[in-house]
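The sequence lines fix the lettering, A, B, ..., with proteins before strands; numbering per chain opens at 1.
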There are 2 protein chains.
Amino acid sequence: MNILEKITQHNAAFSKSERKVAQVILANPQAAIHSSIATLAKMADVSEPTVNRFCRRLDTKGYPDFKLHLAQSLANGTPYVNRHVEEHDGPEEYTKKIFESTMASLEVARQSVDIPTINRVVDLLTQAQKISFFGLGASASVAHDALNKFFRFNVPVVYFEDILMQRMSCMNCTEDDVVVLISHTGRTKSLVEIAQIARSNDATVVGITSKDSPLGKECNLVLSLDVPEDTDMYMPMASRIAQLTLIDILATGFTLRRGNKFRENLKRVKDTLRGSRFDKKHE
Amino acid sequence: MNILEKITQHNAAFSKSERKVAQVILANPQAAIHSSIATLAKMADVSEPTVNRFCRRLDTKGYPDFKLHLAQSLANGTPYVNRHVEEHDGPEEYTKKIFESTMASLEVARQSVDIPTINRVVDLLTQAQKISFFGLGASASVAHDALNKFFRFNVPVVYFEDILMQRMSCMNCTEDDVVVLISHTGRTKSLVEIAQIARSNDATVVGITSKDSPLGKECNLVLSLDVPEDTDMYMPMASRIAQLTLIDILATGFTLRRGNKFRENLKRVKDTLRGSRFDKKHE
DNA sequence: CACTAGTTGTAAAATTACTACATTAAGTGT
DNA sequence: ACACTTAATGTAGTAATTTTACAACTAGTG
């Protein structure tokens with residue numbers, strides 16, 4: 001869709017002169033949209049028809065049409081592209097890149113998430129007697145966060161970091177319990193075992209994980225997020241943010257399902273915190 | 001900036017014929033950008049120069065330039081706007097809204113973050129003997145996540161949920177220690193106290209919090225994120241995501257500063273996890 | 001070395017947008 | 001109501017920009 005990306009990708013298929021045109025446009029796209037075909041041709045040191053052919057190769061009707069597409073691509077303020085951090089990047093670069101790739105991942109996650117499943121999970125959560133959130137490693141903090149959210153709903157919520165505690169907790173499950181297991185890869189052995197334990201006790205197991213993973217297969221319901229993880233850094237980053245956003249969505253769905261009177265309950269929880277805080281001056 | 005809005009606002013200042021042009025464009029802007037001045041004039045039942053004058057009145061150089069602006073306005077298909085979830089929203093709506101407002105918040109956070117401070121904090125972290133991450137409530141899971149990241153760097157990292165443990169830990173601080181305190185509002189009493197304890201032991205205190213808050217004033221350095229929190233839900237959502245992204249940025253800055261050989265260390269940590277995982281089939 | 005396919009440039013044609021001027025419409029004062 | 005003034009609109013010609021057709025060149029292949 002984005003014509004700038006298209007130019008970079010298409011690069012191999014360009015001819016020598018066309019590549020010159022590509023280079024000039026990529027160097028300063030803003031200038032390109034304000035140039036006529038003649039000035040652009042001069043800048044790239046090629047003839048006008050070459051520029052025209054370049055445009056056609058990118059599936060546009062001609063030069064004016066190409067400019068339109070280019071303008072649209074530039075308009076998206078920053079077309080959040082998943083750009084990897086480079087060795088030599090300074091603070092400005094890597095800050096920008098991480099923000100942007102996080103946003104790009106959220107966009108991908110948004111498109112990949114299955115709404116009916118979300119609805120179904122919210123259903124289950126509202127009807128649950130007890131909700132458990134388990135995750136290990138990076139996903140532990142996601143489970144931790146989920147605890148923090150659902151705890152406010154005055155529902156029995158369970159969260160353990162300890163594998164043995166997780167196991168024991170699942171052994172005591174009943175069919176009215178919902179166990180939410182969080183793992184990006186879905187290949188953590190102990191979590192898969194926990195899923196099996198929980199299911200053998202008739203609990204409903206929801207996985208926030210990859211669909212075809214070992215963990216995914218053990219779950220009653222899987223909320224999968226196709227987030228491409230930047231493995232260069234050997235740290236889970238984007239996947240975790242997407243998972244948290246999903247938790248937000250589930251929590252929101254939960255409160256909406258419970259209705260207005262329930263939301264007052266939340267306000268009460270928040271008000272209780274006031275005693276532990278310094279007052280805001282201007283309120 | 002947006003030309004479509006400009007057309008609606010400017011409506012009063014248009015002449016009769018110009019208004020006809022405005023109407024046709026607003027009715028189908030997508031068609032307009034693919035029309036020549038002649039076809040558009042015919043559609044609006046006016047002469048070509050009238051269309052040209054219309055364009056000039058909107059501070060564009062002429063018809064082609066106007067089309068460029070129009071194309072840019074149309075491109076902002078989904079300008080991630082912080083839209084609040086409504087009572088009657090279904091799963092599809094609230095899912096979309098939460099994703100979008102999360103992205104919008106990240107965009108705001110990105111613009112508000114102070115790069116030199118980030119650089120300074122990364123400096124401090126790389127030189128620290130011991131790094132502590134403390135937060136309470138929703139920010140606890142952010143601190144938890146930070147632990148998870150920095151732990152991989154083979155640096156002494158400390159994280160406690162318990163207030164007393166946090167206090168005790170800070171009492172043993174030295175001037176080579178860095179304490180990172182996380183709080184969206186910056187008005188949590190016990191965290192402010194912890195900041196004071198840490199500073200009185202010559203530790204460097206970094207706050208991921210609001211700049212002018214009581215906590216912010218006690219910190220050596222403040223990384224502030226001006227994220228508008230959706231208070232309708234009485235739950236911290238966007239602020240937390242922004243904080244986590246900031247943690248990602250700090251962790252990335254940390255690894256970059258440490259250089260390439262250090263990154264191999266990270267790979268080793270990741271490889272160690274392999275034993276606890278099911279193998280991927282296609283590797 | 002000739003031949004072919006692909007690439008690039010030249011020049012003319014076609015399209016498109018713009019300018020100058022004429023015409024019409026609308027408003028204002030007598 | 002009429003002349004006068006000003007603004008708005010359209011016509012026709014001009015200028016610009018883009019596109020097409022074709023020729024020249026380049027590189028690879030038998």
Side-chain angles (χ1 to χ4, degrees), chain A residues 3 6-74, chain B residues 3 6-74:
Chain A
I3 203 113
K6 212 170 178 179
I7 293 172
T8 13
Q9 282 174 20
H10 211 277
N11 196 47
F14 285 135
S15 72
K16 205 174 7 171
S17 305
E18 283 169 346
R19 217 161 299 154
K20 282 202 268 182
V21 178
Q23 222 171 320
V24 169
I25 290 169
L26 290 173
N28 192 353
Q30 204 61 48
I33 59 170
H34 291 114
S35 312
S36 72
I37 197 166
T39 42
L40 189 66
K42 201 166 286 174
M43 280 198 281
D45 194 28
V46 297
S47 70
E48 298 178 23
T50 301
V51 177
N52 190 283
R53 282 187 279 260
F54 169 86
C55 298
R56 295 242 165 102
R57 204 170 291 277
L58 291 154
D59 302 319
T60 61
K61 293 191 174 180
Y63 184 66
D65 189 41
F66 168 79
K67 284 211 288 188
L68 245 46
H69 281 265
L70 187 59
Q72 294 199 321
S73 301
L74 293 175
Chain B
I3 202 113
K6 212 169 177 179
I7 292 172
T8 13
Q9 281 173 20
H10 211 279
N11 196 47
F14 285 136
S15 72
K16 204 170 18 170
S17 304
E18 283 169 346
R19 216 162 300 156
K20 279 202 271 183
V21 179
Q23 221 170 320
V24 169
I25 290 169
L26 290 172
N28 193 353
Q30 204 61 47
I33 60 170
H34 292 115
S35 312
S36 71
I37 196 166
T39 41
L40 188 65
K42 202 167 284 175
M43 281 199 280
D45 194 29
V46 296
S47 70
E48 297 179 26
T50 302
V51 176
N52 191 286
R53 282 187 279 259
F54 167 87
C55 299
R56 298 241 166 103
R57 203 171 291 277
L58 291 155
D59 302 318
T60 61
K61 290 189 176 181
Y63 185 66
D65 189 42
F66 169 78
K67 283 211 287 190
L68 244 47
H69 281 265
L70 187 58
Q72 294 198 321
S73 302
L74 292 175

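From B:Arg57, atom CZ reaches atom NZ of B:Lys6 across 13.0 Å, with rounding to the nearest 0.5 Å. To the nearest 0.5 angstrom, A:Glu48 atom CD is 9.0 Å from A:Thr39 atom OG1. To the nearest 0.5 Å, the span separating CD on A:Gln23 from CG on A:Asn28 amounts to 13.0 Å. Atom CZ of residue A:Phe54 and atom CD1 of residue A:Ile37 lie 11.0 Å apart, to the nearest 0.5 angstrom. The CD1 atom of B:Ile3 lies 13.5 Å from the NZ atom of B:Lys67; values are rounded to the nearest 0.5 Å. A distance of 8.5 Å separates CZ of B:Arg53 from OG of B:Ser15, quoted to the nearest 0.5 Å.
Remark: DNA chain C takes part in the stems C:1-30 with D:1-30, each of 3 or more antiparallel Watson-Crick or G-U pairs, criterion distances under 3.5 Å.
A donor-acceptor pair under 3.5 Å is absent between the side-chain atoms of A:Thr60 and the main chain of A:Asp65, judged by distance alone. Using a distance-only test at 3.5 Å, with no hydrogens or angles considered, no donor-acceptor pair links the side chain of A:Ser35 to the main chain of A:Leu40.
Regarding contacts with the backbone of D:dT9, every side-chain N or O of B:Lys20 stays at 4.0 angstrom or more from both OP1 and OP2. Using a 4.0 Å cut-off, some side-chain N or O of B:Ser17 falls inside it from OP1 or OP2 of D:dT9.
When distances are taken from the side chain of A:Thr50 to each of D:dT9, C:dG9, D:dG10, the shortest belongs to C:dG9.
D:dT9 atom C1' lies 16 Å from atom CZ of B:Phe14, rounded to whole Å. As rounded to whole Å, 8 Å separates atom P of D:dG10 from atom CG of B:Asp45. Atoms CZ (A:Phe66) and P (D:dT17) sit 18 Å apart, rounded to a whole Å.
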Pairs under 3.5 Å (N/O, protein and nucleotides 18-20 of chain D):
from   : atom 1 : to      : atom 2 : distance (Å)
D:dT18 : OP2    : A:Ile37 : N      : 2.5
D:dT19 : OP1    : A:Tyr63 : N      : 3.4
D:dT19 : OP2    : A:Asn52 : ND2    : 2.3
D:dT19 : OP2    : A:Tyr63 : N      : 3.1
D:dT19 : O5'    : A:Asn52 : ND2    : 3.2
D:dT20 : OP2    : A:Arg56 : NH1    : 2.7
D:dT20 : OP2    : A:Arg56 : NH2    : 2.5

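Here B:Val51 lies out of heavy-atom contact (under 4.0 Å) with every strand.
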